[in-house]
Amino acid sequence: MKKAIGLFLMSILLIGLLAACGSTEKNSSGGQNGDDKKVLTMGTSADYPPFEYVDTAKGDDYIGFDIDLANAIGKELGYEIEVKDMDFAGLIEALKGGQVNFVMAGMTPTEDRKKNVDFSDIYFTAEHMIVSKKDSGIETIEDLQGKTVGVQLGSIQEGKADEISEQVDIKIENRNRIPELIQEIKAGRFDAAVIEDVVAQGYFKNNPDLTGFTLKDDPEEAGSAIAFPKESEHTAEFNKVLNEMKENGELDKLIEKWFRSKE
Ligand code: ARG
């Protein structure tokens with residue numbers, strides 16, 4: 001009897017152990033799906049059209065430039081891509097903690113971030129834009145004097161706002177999601193927000209009461225790259241396919257599809 005219970009407990013322990021191994025395997029280097037294709041989890045912040053978002057009119061799928069690009073690279077390398085949506089400010093931690101295999105979120109490879117994660121080459125560049133209501137009279141940085149300016153938490157736009165605050169006296173506020181910034185401006189709680197131009201332009205279409213002007217900085221300042229955990233086995237292979245796509249025109253086709261064709 002005692003022996004039977006012992007055996008029973010042993011097998012439970014074994015099953016538990018096996019299950020644990022299985023899940024770390026999935027987290028660190030991708031799991032397998034039914035067709036024996038490896039699954040890689042992509043972390044993103046799907047509040048960023050046309051990079052990544054949900055078009056509720058069309059369904060609940062994550063769509064956008066980054067999603068297409070990730071799928072194209074995955075297809076070439078034999079990976080199926082699974083998208084995991086979270087707040088932008090949590091993405092680096094999710095990479096470090098192994099919850100995701102890579103991040104594509106219009107993320108800019110800054111020196112600070114490079115201390116924690118590795119990046120591919122840049123695949124797209126944007127510029128910072130000051131967004132405000134049309135009737136706000138905000139047309140230059142100087143006009144922001146005494147104003148409340150919103151930024152996405154954890155984004156490089158936070159740093160940009162800090163820079164602006166050295167020039168004029170502003171109050172900086174942050175929110176987790178881009179639509180919240182838009183809402184706060186419309187509600188009059190923020191006078192302006194710092195948002196990337198290509199993203200802001202999308203919001204102008206549905207919000208004709210908003211406008212903006214771009215800050216003419218170094219264009220690489222708001223470049224996008226793919227982020228990986230330090231020493232990831234995927235950085236080099238993704239980068240190789242990315243650069244092939246730059247050369248064979250596939251990347252340009254995606255840029256055309258998501259950034260140019262919707263005028
Ligand atoms: N490029 C900026 C950064 O890296 C903003 C990116 C925000 N991305 C997003 N999916 N909300 O900080």
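Computed over heavy atoms, backbone and side chain alike; hydrogens, waters and symmetry mates excluded. Atoms within each ligand, like the ligands themselves, are counted from 1 in listed order.
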- prompt: Measuring from each atom of ligand 1, which residues have a heavy atom under 4.0 Å away?
  reply: S45, D47, Y48, E52, F88, A105, G106, M107, T108, R113, Q152, S155, I156, Q157, E196

message: For Y48, give me all partners under ring pair (Phe, Tyr, Trp, His ring centres under 6.0 Å), at least two apart in sequence or on another chain.
response: F51

query: Mind checking what makes side chain to side chain donor-acceptor pair (under 3.5 Å) contact with E250, not counting sequence neighbours?
result: K253

N-O pairing of K115 and E111 below 4.0 Å: no

message: Regarding E82 and K84, does a basic nitrogen lie under 4.0 Å from an acidic carboxylate oxygen?
response: no

- prompt: Got a donor-acceptor contact below 3.5 angstrom from the D121 side chain to the N239 backbone?
  reply: no

message: Could you work out, with ring pair (Phe, Tyr, Trp, His ring centres under 6.0 Å) as the rule, every residue matching F102, not counting sequence neighbours?
response: F238

